[in-house]
Novice: 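First, the structure itself, so that you have it in front of you.
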Number of protein chains: 2
Amino acid sequence: MEMIPAKEIHAAAEGLRGLAHETRLSVLCHLLQGPMCVQQLIEATGTSQSNLSQHLAKMRLMGILVNEKRGQQVFYRIANPAFEQLIMALKAIYCPGMCGQSGEGR
Amino acid sequence: MEMIPAKEIHAAAEGLRGLAHETRLSVLCHLLQGPMCVQQLIEATGTSQSNLSQHLAKMRLMGILVNEKRGQQVFYRIANPAFEQLIMALKAIYCPGMCGQSGEGR
DNA sequence: GAAATATATTAGAATATAATGATTAGTCGA
DNA sequence: TCGACTAATCATTATATTCTAATATATTTC
């Protein structure tokens, strides 16, 4: 029914790879609530500064996030609001029963 | 807004890893149209038998697909209809303008 | 039961991804 | 300019993923 055309499969798979990691997915979820600076994300995700910075760089280069420097802090936010739908779809699959989704497995 | 609780982040990230590959994503897309046997999937994806079989095994073990043997053929189908939403969300991000989505970036 | 067909499994090498620790580069205030 | 702070980058090692080729397991047909 809802196929992704072959041409876009590569981009979509790459995009999924950009989220297919606990830390990066966690970052995305936190940013759904609004922009945050790196400090806050370090605390929110419990990752080392270096490691988080590399994950943020990856998400930035992939176009998932955009950043903005304010003073000595760097704020990150989600580049495309459509990612929210993706998170909702993920929730429908992995948190069945806790969202207002109509149908859950079985 | 739509956060995934910390407990489920791991499962969701792992689930994303299960789709974060051209071949597996392509398989999922094809199966949206209905169950298919391995033969058909080999042709549809253009992958070698061995390689595809390994991808199918992974998706099966992860609970993304289920299979059913019929004679000497094995048919695969999507385990959870909720994956359709995920594909739609991906389309909204990577194929903007080609789906009936209400809002697309810019 | 031998040959053909459909699929799965295994082992290995190639490649990609991730984490750590050390270092670097701006920004701010004294 | 010095010291503290925030963030990025680099090099290295560790780990995971992917592909290929070979082989194994069923099933069907003869």
Side-chain angles (χ1 to χ4, degrees), chain A residues 6 9-31 34-79, chain B residues 6 9-31 34-79:
Chain A
I9 285 282
H10 177 70
E14 189 164 279
L16 283 176
R17 256 173 258 137
L19 300 180
H21 188 283
E22 280 75 357
T23 301
R24 293 195 296 273
L25 187 56
S26 179
V27 163
L28 188 73
C29 284
H30 283 288
L31 292 181
M36 293 173 77
C37 73
V38 179
Q39 284 279 313
Q40 296 171 300
L41 287 170
I42 287 174
E43 289 175 34
T45 62
T47 321
S48 77
Q49 185 270 318
S50 171
N51 193 6
L52 181 64
S53 184
Q54 289 174 81
H55 284 298
L56 290 174
K58 178 168 217 166
M59 296 175 86
R60 192 176 0 107
L61 292 173
M62 297 185 86
I64 300 170
L65 304 181
V66 295
N67 63 356
E68 181 189 353
K69 193 160 192 171
R70 265 195 260 168
Q72 58 189 326
Q73 289 171 319
V74 177
F75 282 78
Y76 280 84
R77 62 183 169 80
I78 297 175
Chain B
I9 284 282
H10 177 70
E14 189 164 280
L16 283 176
R17 256 174 259 138
L19 300 181
H21 187 283
E22 281 74 357
T23 301
R24 292 194 296 271
L25 186 55
S26 179
V27 163
L28 189 73
C29 284
H30 283 288
L31 291 182
M36 292 173 77
C37 72
V38 178
Q39 284 278 312
Q40 297 171 300
L41 288 170
I42 288 173
E43 290 175 33
T45 63
T47 322
S48 75
Q49 184 269 317
S50 170
N51 193 6
L52 181 65
S53 184
Q54 287 174 83
H55 283 299
L56 290 174
K58 179 170 217 164
M59 296 175 86
R60 195 178 355 111
L61 291 173
M62 298 185 84
I64 300 170
L65 304 181
V66 293
N67 63 357
E68 180 189 354
K69 193 159 192 171
R70 265 195 261 167
Q72 59 188 325
Q73 290 172 319
V74 177
F75 283 78
Y76 279 84
R77 62 184 169 79
I78 299 174

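Quick caveat, the model's predicted, so the values are computed rather than measured.
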Novice: Does a side-chain N or O of B/His21 approach OP1 or OP2 of D/dC19 to a distance below 4.0 Å, or not?
Specialist: yes

Novice: Mark yes or no for a side-chain to base donor-acceptor pair under 3.5 Å between A/Ser50 and D/dT9, with no hydrogen or angle criteria applied.
Specialist: yes

Novice: Considering heavy-atom distances to DNA chain D, does A/Val38 or A/Arg17 have its closest nucleotide positioned more toward the 5' end?
Specialist: A/Val38

Novice: Side-chain N or O of B/Gln39 less than 4.0 angstrom from OP1 or OP2 on C/dA6?
Specialist: yes

Novice: Taking all non-hydrogen atoms of both residues, which atom of A/Leu25 and which atom of B/Ile9 are closest, and how far apart?
Specialist: CD2-O, 3.8 Å

Novice: A/Leu65 has an atom CG; how far is it from atom C1' of D/dA8, in whole Å?
Specialist: 15 Å

Novice: Could you tell me how far apart B/Leu41 (CG) and C/dA6 (C1') are, to the nearest whole angstrom?
Specialist: 13 Å

Novice: Are B/Gln40 and B/Tyr76 packed together at the side-chain level, in the sense that at least one heavy-atom pair is separated by less than 4.5 angstrom?
Specialist: no

Novice: Considering heavy-atom distances to DNA chain C, does B/Gln40 or A/Ala20 have its closest nucleotide positioned more toward the 5' end?
Specialist: B/Gln40

Novice: A/Glu14 CD to D/dT18 P: how many Å, rounded?
Specialist: 14 Å

Novice: Determine the contact category for B/Phe75: base if any of its heavy atoms lies under 4.0 Å from a base atom, sugar-phosphate if only primed atoms, P, OP1 or OP2 are that close, otherwise nothing.
Specialist: nothing

Novice: Quick one: is D/dC19 close enough that its OP1 or OP2 comes under 4.0 Å of any side-chain N or O from B/His55?
Specialist: yes

Novice: Quiz question: going by heavy-atom distance under 3.5 Å, is there a donor-acceptor pair between the base of C/dT20 and the side chain of A/Gln54?
Specialist: yes

Novice: What integer distance in Å separates A/Asn51:CG from D/dT13:P?
Specialist: 18 Å

Novice: Between B/Lys69 and C/dA6, does any side-chain N or O lie under 4.0 Å from OP1 or OP2?
Specialist: no

Novice: Quick one: does A/Gln49 reach the base of D/dA8 with a side-chain donor-acceptor pair under 3.5 Å?
Specialist: yes

Novice: Rounded to the nearest 0.5 Å, what separation is found between the CD atom of A/Gln54 and the CD atom of A/Gln49?
Specialist: 9.0 Å

Novice: Could you report the tightest heavy-atom contact between B/Glu14 and B/Met62, atom names first, then the distance?
Specialist: O-CE, 2.9 Å

Novice: If you round to the nearest 0.5 Å, how far is CD of A/Gln39 from CD of A/Gln73?
Specialist: 7.0 Å

Novice: Scan A/Arg24 against the nucleic acid and name what it touches under 4.0 Å (heavy atoms): base, sugar-phosphate only, or nothing.
Specialist: sugar-phosphate

Novice: Answer whether the closest heavy-atom distance between the side chains of B/Ile78 and B/Leu65 falls below 4.5 Å.
Specialist: yes

Novice: Can you measure A/Glu22 atom CD to C/dA19 atom P for me and round it to whole angstrom units?
Specialist: 9 Å

Novice: What about A/Ser53: does its side chain form a donor-acceptor pair under 3.5 Å with the base of D/dT9?
Specialist: no

Novice: Are A/Tyr76 and D/dT6 close enough that a side-chain N or O sits under 4.0 Å from OP1 or OP2?
Specialist: no

Novice: Would you indicate, yes or no, if C/dA18 has its OP1 or OP2 atom less than 4.0 angstrom from a side-chain nitrogen or oxygen of A/Lys58?
Specialist: yes

Novice: To the side chain of B/Gln72, which of D/dT28, D/dA7, C/dA19 is closest?
Specialist: D/dT28

Novice: So which nucleotide from D/dA7, C/dT7, C/dT9 ends up closest to the side chain of B/Arg60?
Specialist: C/dT9

